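Step one of this worksheet: look at the structure below.
Predicted model only: the values in this text are computed from it and were never measured. To find a chain, count down the sequence lines: A is the first, B the second, and so on, and within it residues start at 1.
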Amino acid sequence: LLGDKGYKLPTATKTGTTIVGLIFKDGLVLGADTRATAGPIVADKNCEKIHYLAPNMYCCGAGTAADTEFTTNMISSQLALHSLNTGREPRVVAAMTMLKQHLFKYHGHIGAALVLGGYDSTGPHLFTVYPHGSTDKLPYVTMGSGSLAAMSVFESRWQPGLSRDEGVAMVKDAIEAGIFNDLGSGSNVDVCVITKGNVEYLRNYARPNERVQKEQSYRFRQGVTEFYAPQAARRGQDSAEMDTSA
Amino acid sequence: MLDFAPMHSAPTEVPVEHHSHGGWDPYVDNGGTSLAIAGKDFVIVASDARQSDGYSINSRYDPKAFTLSNQTVLATTGYAADAKRLVEVLEQNAQMYFHKHEKQMSAPAMAQMLSNTLYYKRFFPYYVFPILAGLDAEGKGAVFAYDPVGNMERVVYQAYGSASALVQPFLDNQVAGANQRGHEGGLLDREMARRIAIDAFTSATERDIYTGDWLDIFVIDQTGIHREKRELKHD
């Protein structure tokens with residue numbers, strides 16, 4: 001609306017992003033980079049893109065950061081109530097259905113592209129959910145601007161029956177492919193391993209982009225900042241010291 | 001109130017053809033950042049070397065700063081193809097000057113030539129934001145900053161490119177002492193200028209997706225041009 005009037009709309013913070021998921025022998029591994037962008041600027045160098053949905057379910061989010069955050073929070077809430085209502089551990093298909101019905105209702109205006117993974121009573125399940133509400137059920141998936149770089153790793157190396165360590169290494173390599181070859185992705189690798197009855201949330205599993213030490217310190221000496229005070233207070237010296245006596 | 005003799009009606013339009021090329025754009029922004037800082041008897045130029053297109057990297061090392069003579073360096077940002085062509089044209093004209101005048105072009109002479117070369121293509125500009133650095137007639141550090149059509153300004157320091165909005169205010173504060181009470185003013189020495197240039201780039205690399213990979217640093221003084229290459233983050 002404001003855009004019609006000629007105002008330049010503020011760029012919503014998008015996650016740029018590389019997010020992935022893969023199924024291995026005993027469960028699944030989710031992965032994500034940690035860069036959030038607002039246009040060409042890095043807004044957050046270490047944001048969390050792997051969102052909690054339920055004790056046995058996590059969701060990676062790409063697209064508009066606010067949309068992924070609020071949507072996953074909302075479905076997490078709904079899942080908790082649903083779980084209490086049914087007296088059962090929530091199923092991944094339940095989260096998938098809630099997400100897709102919510103997103104479809106908004107016809108793509110909610111810019112959330114998700115990689116949903118969890119381990120429930122029917123086994124491990126991995127889905128992708130698109131902003132318009134479509135879903136895919138697959139053994140390995142990638143989303144976000146770095147999805148092509150990440151998928152090139154999976155397509156070369158994925159096979160059924162991978163071990164946990166092979167799966168984690170592949171996810172790390174896929175995310176790093178996005179971090180280094182996609183400008184919308186960067187910084188660190190977050191990993192989440194979900195198996196039967198257990199979740200390992202490995203925040204900053206890899207940190208391949210630590211900042212080097214700066215050439216010098218930019219600490220300002222005291223008195224550098226300009227200030228203005230009433231003439232009465234300034235009488236005498238041009239000093240930075242305030243008289244704080246009662 | 002009726003105005004019988006309006007001073008200002010519709011803004012004048014230059015008689016140039018306006019037709020769409022099916023959405024095709026002759027220009028591409030290849031990203032990247034450049035800066036130059038002048039000292040008493042030296043000048044420092046620094047440019048990153050990443051060449052990008054949208055979210056893709058075309059090259060991790062495609063230098064953006066070029067030596068035009070043994071005492072002048074041209075730092076560019078904008079469209080890499082136009083920058084390369086611009087350098088080619090300048091180099092050729094500098095060579096012809098040398099044959100005609102039997103001496104190398106001085107930095108101030110090169111500066112004016114660059115302005116003329118840019119304006120020559122006023123109606124199909126080089127999409128380049130050049131910074132020319134060298135020593136003036138008195139041997140003092142000289143930095144000339146231009147817009148794509150040739151507006152020239154001699155300055156003490158300048159930053160151009162995708163991270164210019166991040167780097168220029170940093171230089172305003174650290175080189176010119178802006179917003180600092182009791183700053184003496186005056187030019188920087190070589191070591192200070194080099195440290196500031198390096199920190200400007202590591203900081204720009206953190207927050208600008210188009211800046212990174214490698215950094216080229218040139219220090220120009222009476223003895224010639226000293227080059228340095230440093231690694232930047234590759235993400």
Side-chain angles (χ1 to χ4, degrees), chain A residues 11 14-18 33-46 62 144-150 175-189 206-229 238-240, chain B residues 29-33 46 50-60 161-166 169-171 173-175 177-184 188 191-213 215 217 228 230-235:
Chain A
T11 45
K14 297 198 108 205
T15 48
T17 301
T18 308
D33 76 306
T34 63
R35 174 182 282 182
T37 54
I41 301 293
V42 177
D44 192 344
K45 295 187 270 187
N46 203 190
S145 55
S147 62
L148 277 68
I175 296 296
E176 285 192 346
I179 283 171
F180 291 113
N181 301 112
D182 171 40
L183 296 177
S185 310
S187 297
N188 313 123
V189 184
R207 279 208 212 92
N209 287 294
E210 306 244 279
R211 221 248 222 232
V212 298
Q213 199 190 40
K214 282 190 271 249
E215 293 289 304
Q216 60 171 79
S217 162
Y218 293 93
R219 187 147 184 228
F220 291 111
R221 56 172 175 80
Q222 274 207 335
V224 153
T225 309
E226 180 61 270
F227 67 95
Y228 298 94
D238 220 19
S239 160
Chain B
D29 186 353
N30 296 116
T33 308
R50 171 179 281 175
Q51 196 198 94
S52 34
D53 189 355
Y55 277 131
S56 299
I57 297 174
N58 290 341
S59 171
R60 289 204 193 274
S162 53
S164 62
L166 284 68
F170 175 66
L171 298 184
N173 178 248
Q174 293 295 315
V175 179
N179 304 111
Q180 287 184 265
R181 280 182 81 202
H183 190 266
E184 287 111 47
L188 297 175
E191 256 316 294
M192 274 301 283
R194 182 177 163 277
R195 279 199 287 264
I196 285 164
I198 291 169
D199 284 346
F201 270 93
T202 50
S203 304
T205 303
E206 290 283 304
R207 292 291 179 175
D208 176 30
I209 63 177
Y210 297 119
T211 301
D213 288 328
L215 174 64
I217 303 177
E228 188 189 342
R230 295 176 72 88
E231 196 158 357
L232 294 171
K233 278 167 69 168
H234 292 310
D235 70 344

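Note on B:M192, B:Q180, B:R195, B:H183: by heavy-atom pairs under 4.5 Å with chain A, the leading option is B:R195. Among the candidates A:I179, A:N181, A:N209, the residue making the largest number of heavy-atom pairs closer than 4.5 Å to chain B is A:N209. By number of non-hydrogen pairs under 4.5 angstrom with chain A, the leading residue of B:S56, B:G182, B:S203, B:S162 is B:S203. Considering only heavy-atom pairs separated by less than 4.5 Å from chain B, the leading option among A:E210, A:K214, A:K45 is A:K45.
Interface residue A:D44: only backbone heavy atoms are found under 4.5 Å from chain B. Using a 4.5 Å cut-off between heavy atoms, B:L166 touches chain A through its side chain atoms alone. Interface residue B:N179: only backbone heavy atoms are found under 4.5 Å from chain A. When heavy atoms are compared at a cutoff of 4.5 Å, B:N173 approaches chain A solely by way of its side chain, counted from C-beta outward.
A donor-acceptor contact under 3.5 angstrom links the side chains of A:R211 and B:T202, judged on distance only. Side-chain N/O atoms of A:D182 and A:S145 include a donor and acceptor closer than 3.5 Å.
Salt bridge B:D235/A:R35: present, at least one basic N to carboxylate O contact under 4.0 Å. Note on B:R230 versus A:E215: salt bridge recorded, some NZ/NE/NH1/NH2 to OD/OE distance being below 4.0 Å.
Environment of CD in B:E231: crowded, with over 12 heavy atoms of neighbouring residues, nucleotides or ligands closer than 6.0 Å.
If you look at A:Y218 and B:F170, their ring centroids are closer than 6.0 Å.
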